[in-house]
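Please read the structure below before turning to the comments.
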Amino acid sequence: MEYNHREIEARWQQYWKDNNVYKCEIDMSRPKFYVLDMFPYPSGAGLHVGHPLGYIASDIYSRYKRLKGFNVLHPMGYDAYGLPAEQYAIQTGQHPEVTTRKNIERYRSQLDKIGFSYDWSREIKTCDPEFYKWTQWAFMEMFNHYYDTAADKALPIADLVKYFEKEGSKGVKAVCSKELSFTAEEWNSMTDKEKSDTLMNYRIAYLGNTMVNWCPALGTVLANDEVSEGVSVRGGYPVEQKLMYQWCLRVSAYAQRLLDGLEKLDWTDSLKETQRNWIGRSEGAEMRFHIDNTDIDLEIFTTRADTVFGVTFMVLAPESKYVDMITTPEQKEAVKEYIDSIKHKTERERMIDKKVTGVFTGAYAINPLSGKKIPVWVSDYVLAGYGTGAIMAVPAHDSRDYAFARHFNLPVIPLIEGADVSEQSFDAKEGKMINSEGPELNLNGLEVKDAIARTKKFIEEKGIGKVKVNYRLRDAIFSRQRYWGEPFPVYYKDGIPTMMKLEDLPLLLPEVDKYLPTESGEPPLGRAENWKTPEGYPIELNTMPGFAGSSAYYLRYMDPHNDSALVSEEADKYWRNVDLYIGGTEHATGHLIYSRFWNKFLYDLGKVCEAEPFSKLINQGMIQGRSNFVYRIKDTNTFVSAGLKDQYDVTPIHVDVNIVSNDILDLDKFRAWRPEFATAEFILEDGKYVCGYAVEKMSKSMFNVVNPDDIVERYGADTLRLYEMFLGPLEQSKPWDTNGIDGVNRYLKKLWGLFYKNDQLTVTDAEPTAENLKTLHKLIKKVSTDIENFSYNTSISAFMIALSELSQQKCTSRQVLEQYLILLAPFAPHIAEELWHAMGNTTTICDAAWPEFNEEYVKESSVKMAVSFNGKARYTIEVPADMPAAEVEKVALAHEGAAKWTEGKTVRKVIVVPGKIVNIVVG
RNA sequence: GCUCGAAUGGUGGAAUGGUAGACACGAGGGACUUAAAAUCCCUUGGCCAUUAGGCUGUGCGGGUUCGAGUCCCGCUUCGAGCACCA
């Protein structure tokens, strides 16, 4: 009987399905373990071999944990809202839901063939009303809460209203868009509309007039993480800054907690670092500079309070509200002209063009420490969105200020001893202060670090400013002018944004005739008929962004069919959070920030019991494509093999990797591939056409896409699973190269051969030999530690070595072979299950127990030790394993080799490392 | 510019500070076969040597150590993240 992967895999996949082998329920008697994959966006192209990499890794871990006795939650679903389906809908008129459903079916059939242990009864689709009801619910809760800085958590907005009624805004401890000041009487006399506008300033989900990333080509705004280098991440279209009235989430309120939470997480350092960069905490001081001859104070933020004595001018962002307030009449014209010239430029142009530009406002500020008068300028190198949109410029110690000062001939005062500022600024934060003495404060002679602390203390005491922490993290813009997303459960009652009631949810996505904006420029939902509440109030036309549905999906898997809560208290208390999360690094500043924010918000409300959603996170590397090339001699239809291509003038052409094997081109398939190659001629080497290769992104246009279906069909799912893991370390990016797959396939065939000889099962009840047990227990130890460390590639090597040892030992012992299969089951579940049953077991191998490692069996009776002289290995000795070091030393020196190497020399030192090496130092 | 990570044969990659290159692919040789495929066996970092064996070798330069791919200092190159963030 041959190893027939097609028959075996189909049969066991059916068996697992029919017997609900992977269905899991809350079970208080067993410890839980939650293993999650980042759910995919079902694209039209289907899965390529790169996609399942992480899924295979998590599946191995899930199966392993189950064998170790854990109750494992391992679900899968789809991130179903997304731009591609909508773009496709715009082009074809096909409803995005139809396309999405089709793509999901395709994904599912591809996933099923790989033999995953998902509990499909918990499947989630973000576009499913049953699911997005809870996305809408969370949004409503965010609307109904504000962030209280005293309690350091979200609290009901109703509490804040009560406070306003009694105290007004005085002493309010809440995160807000801008500081407001009103009395209780003023609050109480406000109209409903005014109250609504005021509360927007505090709500966690709020409508705000904010600068947004507007992408004209996509017709929508984008979040910061959806934009990179001035173009959209999806599609690469230009993005401009635009002031729009949009729904936002006050993610910034959670900046510090998002930062602190990272400490306890078992994530890679690089991922944590990426998030830290994105949050961008900087400690500094906010300081007021008085504008001469006015009653205006300019607020600035600086991390270098020590350099105040070197401030020779100040700069405002062009968008700063202070610009109009302080510009003198003489300078009005020049300032207006400058600001107009800036407005014409997009953010991208401003970024690329690093020319120094700016204009003097005519106003002067007073340096609060030195008392000197300094000019105030406007320049686009100062960003409106960070800090206060105004800076104090210290040209001697900041390269941007330096460039500006040199360009406009402003003075430069060095503040650090020995700093040469004749050519460039001295930006380092070290050295002794000079030139820093004012009427009330003297910093001269202090180290920079101490000078900063001293100045901060001084300005707080004098009331000139205060210590302040700034974050780069901005609030998330939550509106999208698109069709294919969750509708907002919001209507406008006499212009006042109002939330629907929970019992009215889900608010279903309406049908529209076209997926384009309306003629008047409103989002596609503007086309929906009767998009009003029963009372006739208009409903919000924007939809939610992609990250809305993916922010809490891991909670829904715990209790996917609950229609009265996102997750029941019981399910939340049992499953708690994700123990192992596997996915790509591309979500570092998007999904993984939003999810953590969302979870912390729900935590504040007492809806979830863990403050962090993902305890451990592994980033699987990307699988790149390995493209093949043929070389056409220019102006001919003749192709020359790679080794000879240098002798001709050739054009490399991508060739489909599926008609190439081990870089050898299949000539007939090539001729049949495309009509223009039907008459192709070849110049061969050794009778073969050798293709060139390159590592590139896996994509259709490079003809390097490998479909897992083809691999499963030809070699089987077990081979695919093993090979994907064997390719290299999980976290490393690597090219897919089908060439090596024969190796693991051969291994499975050999494994089959160990069980079946001449169609006869060879398993016996023979007692295992000492050798058998040694091989087995070495394997148990290796595989157990490897799985815990996600070094799956070396485990597979260990399986191969163990197999060849067992074959050599002609092992037929049931006991040994069964345990071998259990170890293998997480990696290659189909063949393990098949052989497990062939041996007479009637229950699934998924419920077997992970073998216990026993040190006794692997103990060596003797140990080989390398003997070296001055660190250079010379010969090997074999000694009993338990021989004391002093004895080993004698044996080592007594060896005939030792005589040769120590001849005429004195033995100065003998180093014995038990079981490893003997080193003899002579001289 | 700042931060993080990486660099080992023809290739993918192994090595708790202890004989570098496990395992696999590819390549070369051989067995079986009319032949091919499949399967099995041997060789395979480089250089020298018929063999025995020797020398050399983990991006570069130093250092610590009896002993360094591994630890420390200084570079080079590549990858990733952030970036007029004050």
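Within every chain, numbering begins at 1; the chains are lettered A, B, ... in the order of the sequence lines, protein sequences first and strands thereafter.
Considering all non-hydrogen atoms of both residues, A:M433 and A:D306 come closest at CE-O, 3.3 Å. Heavy-atom minimum distance, A:S320 versus A:G389: CB-O, 4.0 Å.
Nearer to the 5' terminus of RNA chain B, by closest-nucleotide assignment, is the contact made by A:S733 (compared with the other of A:S733 and A:V918).
Taking atom OH on A:Y386 and atom P on B:C82, their separation rounds to 16 Å, with Å as the unit. A:D786 has its CG atom 12 Å from the C1' atom of B:C23, to the nearest Å.
Comparing B:U16 with B:C85, their P atoms are spaced 42 Å from each other, to the whole Å. Separating the C1' atom of B:A35 from that of B:G45 is a span of 36 Å, rounded to the nearest Å. Rounded to a whole angstrom, the distance from the P atom of B:G46 to that of B:G1 is 40 Å.
In terms of phosphate contacts, A:Q732 brings a side-chain nitrogen or oxygen within less than 4.0 Å of OP1 or OP2 of B:G13. At B:A83, one or more side-chain N or O atoms of A:R472 fall inside 4.0 Å of OP1 or OP2 (strictly under the cut-off). Under 4.0 angstrom from either OP1 or OP2 of B:C4 there lies no side-chain N or O belonging to A:T268.
Nucleotide B:G59 forms a Watson-Crick or G-U wobble pair with B:C75, both donor-acceptor distances falling under 3.5 Å.
For A:Y338 and A:W377, the gap between ring centers reaches or exceeds 6.0 Å. Close placement of the A:Y820 and A:F799 rings is indicated, their centers lying within 6.0 Å of each other.
Residues meeting the ring-ring contact (aromatic ring centres under 6.0 Å, His included) test with A:Y747, sequence neighbours left out: none. With sequence neighbours left out, A:Y402 forms a side chain to side chain donor-acceptor pair (under 3.5 Å) with A:R406.
Taking 3.5 Å as the limit, the base of B:C66 and the side chain of A:N919 contain a donor-acceptor pair of atoms between them. Judged by distance alone with a 3.5 Å cut-off, no donor-acceptor contact links the side chain of A:R304 to the base of B:A86.
For the side-chain contact (heavy atoms from CB on, under 4.5 Å) test with A:L617, the passing option among A:L592, A:T585, A:T268, A:L265 is A:L592; the others fail.
Using a 4.0 Å heavy-atom cutoff across all strands shown, A:R626 reaches no nucleic acid atom at all.
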Write down the protein N/O and nucleotide N/O pairs, taken from nucleotides 24-27 of chain B, whose separation is under 3.5 Å; answer none if there are no such pairs.
| unit_1 | atom_1 | unit_2 | atom_2 | d |
| --- | --- | --- | --- | --- |
| B:C25 | OP1 | A:R746 | NH1 | 2.4 |

